[in-house]
Protein chains: 2
Amino acid sequence: MKYITIKDIAKQLNTSVSTVSRAFNDKADINPETKALVLKTAKALGYRPNPIAKKLMQQRSFTIGIIVPEFINAFFPEVIIGVQEILFENGYQVLIAQSSECFETELKNIKTLEDSMVDGLIVSLSSESNNTDYYQNLIASGFPIVLFNRVNNQLNCSKVVFNDYKWAFFATEHLINQGCKNIVHLKGRDGVSLTNERLRGFLDAHQKYQLSYNKNQIVATGFTLADGQKAAQNIIDSGNIPDAIFGANDPVTIGAMQVFKKNGFSIPNDIAFVGFTDSQMATIIEPPLTSVSQPAREIGEEAAKILIEQIETKKGFQPKSITLNGQLNIRASSLKITSLK
Amino acid sequence: MKYITIKDIAKQLNTSVSTVSRAFNDKADINPETKALVLKTAKALGYRPNPIAKKLMQQRSFTIGIIVPEFINAFFPEVIIGVQEILFENGYQVLIAQSSECFETELKNIKTLEDSMVDGLIVSLSSESNNTDYYQNLIASGFPIVLFNRVNNQLNCSKVVFNDYKWAFFATEHLINQGCKNIVHLKGRDGVSLTNERLRGFLDAHQKYQLSYNKNQIVATGFTLADGQKAAQNIIDSGNIPDAIFGANDPVTIGAMQVFKKNGFSIPNDIAFVGFTDSQMATIIEPPLTSVSQPAREIGEEAAKILIEQIETKKGFQPKSITLNGQLNIRASSLKITSLK
DNA sequence: ATAATTTTCGGTAACGTTCTCGAAAGATTT
DNA sequence: AAATCTTTCGAGAACGTTACCGAAAATTAT
């Protein structure tokens, strides 16, 4: 399988490779007529530019890497779709790696992607990423990085995040408005900023309504169904049953719901539930789960746009931070007030 | 940011680039001592081979493309994980594209991937892929392609599929054993082989138990929750209520379940359900859905292995077909017999 | 000791682009 | 008419690697 090269086109037209190259790259110093001629015969010959040669010459891979903790739940795949959409349009390729919530794997992924000479990275930190040294060095060296969703505020790079504080506040406020007075927050792992932000929203909502709370209402868990189940069992065993649970994400919340249901609690009457990062599962569980939905695709798009901007800005790029908003999808799991009918 | 090249190493050691290159490529014609020396100083200098130059020289991109219909549901992401695992180990990169069940997008993806000079493709056909001309040409030209999951048997290339026939048979048999006599099959779109295979299993199970059936028991749908909901509504409207439903996949089956539940039917007593391609959703819906689980990761791994083999076999590669098996996860949605307790 | 082989290596040409430089031709100014 | 500027183009280097060929050195065979 022999490929057509610009050399072949040049030979065919009795011109030089320089001219042919110029025709494809919108250079000013070429006669419009010759340019048209070149493009025409290139098409006739079935020419396809060799991206690898271009990459070698321009010392850029036109490839970026994206690292996510997992992509089994729908959120990260949707972000990736957003990222790819923007980057494809701009002639970039995307390499996807998953850290499986493991910091070592994350680091290995970064090195692999560096070996592939990616022009930049889009990363959502694993829940274990406490050591930021490697990132610090990368960023200090000017390497383009955009963090999203799970960021670390000590890192001086661009960030695209969801307004976790605000929507955790709204979610909690919603439960308070339903008459809940003893709400437990199943918070995610420490070390990622969203955990703190959502907790802060949860606490501030209490403050606003002058609702007291104690430390038993804040339970550290992980991000999986099993984590939620375990946490719920602990709560039930403790005998101190809350009237609502606000989970760090949907899997955790749904896991908790399952355990409470199995133990004979009625939802939402005995105990109400609100999740985070709306999912298809939320609409399927019985009763359907109230949850904060995030604009996953948009998060990906914004991250991609910023990354391209940084890559294509030679010097003096200033990190940008974008905060996006979502909505609270209220469903039966949190609706105690059925008066309006 | 200046990269170290083999030239720098050669200069440092007063040797030639050829020798340095030999050291990295396990060539026979190099003295083990000089090889060790080269590797040592390379490490000391922080040398990283430039993969792009290698690609240009070897006229191979060490990149493969994978095209999936979607990756919101967990199945395809898991396949992709399997694919990546094998390919990374072997020094390949993976570009991921999704067709969104649209044939035109699929074709566009292929062309984009061809422009990226991928060394091969792993594809699960979109449900609209009826025209196989483009694939025929690619395969005829010797381009390495492995189809999986949704294949087309007219194409003479390697295939990795699930034993849809066998497990559809088992799933149906399970329902028959539960005493169901009027089972409706919500089949997927025509044109992809798995639809025919699953239907065949469904029918043969009837045959084995000499259970008659009519054409109303075979309902054409799509692969989404909404498709299942619509199909269920149609069935209810028709007034002819079956005692079981066997769906083409979990979303369709769950969609149907929701509608039947809403209309007051008791599951599994009034009507039993069995899905396909086990999902997290299946364990969350009430009652939990019996479903056939597929070894998604293994499917990806096998597809990747075959693709590498084809890429690295110069001539005379013969297409391979692999059929994998799974298991029937029996849950409450299909358990009418509660005698054993 | 000479010839034949093996081992080890250096020089250089590729791979397909883009980039830099300078030159020829044409157009414009003085 | 000479001088200057603009437009257009070609030659060749460069990007970093591997492939190929031949030569020197070391080893073995005659």
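Excluded from the calculations below are hydrogen atoms, water molecules and symmetry mates; all remaining heavy atoms, backbone and side chain alike, are included. Naming convention: chains lettered A, B, ... in sequence-line order (proteins, then strands); numbering from 1 in each chain.
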Rounding to a whole Å, what distance do you find between [X]:[atom1] and [N]:[atom2]?
{"X": "A/Gln59", "N": "C/dT20", "atom1": "CD", "atom2": "P", "result": "13 Å"}
{"X": "A/Asn50", "N": "D/dC15", "atom1": "CG", "atom2": "P", "result": "18 Å"}
{"X": "B/Lys55", "N": "C/dT17", "atom1": "NZ", "atom2": "C1'", "result": "16 Å"}
{"X": "B/Lys7", "N": "C/dT12", "atom1": "NZ", "atom2": "C1'", "result": "12 Å"}
{"X": "B/Tyr3", "N": "D/dC15", "atom1": "OH", "atom2": "P", "result": "15 Å"}
{"X": "B/Glu33", "N": "C/dT7", "atom1": "CD", "atom2": "C1'", "result": "13 Å"}
{"X": "A/Arg60", "N": "C/dT18", "atom1": "CZ", "atom2": "P", "result": "13 Å"}
{"X": "A/Ile9", "N": "C/dG16", "atom1": "CD1", "atom2": "P", "result": "12 Å"}

How far apart are the closest heavy atoms of [X] and [Y], and which atoms are they?
{"X": "B/Leu121", "Y": "B/Phe143", "value": "CG-CE2, 3.8 Å"}
{"X": "A/Ile86", "Y": "A/Ala304", "value": "CB-CB, 3.6 Å"}
{"X": "B/Ile4", "Y": "B/Tyr47", "value": "O-CD1, 3.2 Å"}

Would you please indicate yes or no on a ring centroid separation below 6.0 angstrom for A/Phe75 and A/Phe223?
no
Report the residue from A/Thr132, A/Asn131, A/Leu138 that forms a side chain to side chain contact (heavy atoms under 4.5 Å, CB included) with A/Tyr134.
A/Leu138
For the residue pair B/Phe148 and B/Phe76, does the interplanar ring angle fall in the parallel (under 30°), tilted (30 to 60°) or perpendicular (over 60°) class?
perpendicular
Where the side chain of A/Thr19 is defined as all heavy atoms beyond and including C-beta, which of C/dT17, C/dG10, D/dG10 is the nearest nucleotide?
D/dG10
Of the nucleotides C/dG16, D/dG16, D/dT8, which has the atom closest to the A/Asn31 side chain?
D/dT8
Please tell me if B/Thr5 has a side-chain N or O lying less than 4.0 Å from either OP1 or OP2 of D/dG16.
no
At 4.0 Å (heavy atoms only), tell me whether [X] reaches a base, stays on the sugar-phosphate, or touches nothing.
{"X": "B/Leu56", "answer": "base"}
{"X": "B/Phe24", "answer": "nothing"}
{"X": "B/Pro49", "answer": "sugar-phosphate"}
{"X": "B/Ile30", "answer": "sugar-phosphate"}

Paired with A/Arg150, the salt bridge (Lys or Arg N to Asp or Glu O under 4.0 Å) test is passed by just one of A/Glu106, A/Glu70, A/Glu101, namely A/Glu101
At a cut-off of 3.5 Å, list every protein nitrogen or oxygen paired with a nitrogen or oxygen from nucleotides 19-26 of chain D, distance to 0.1 Å.
residue, atom, partner, partner atom, Å
D/dA19, OP2, B/Lys27, NZ, 3.2

Nearest-nucleotide wise, let me know which of B/Asn14 and B/Ala53 is further upstream toward the 5' end of DNA chain C.
B/Asn14
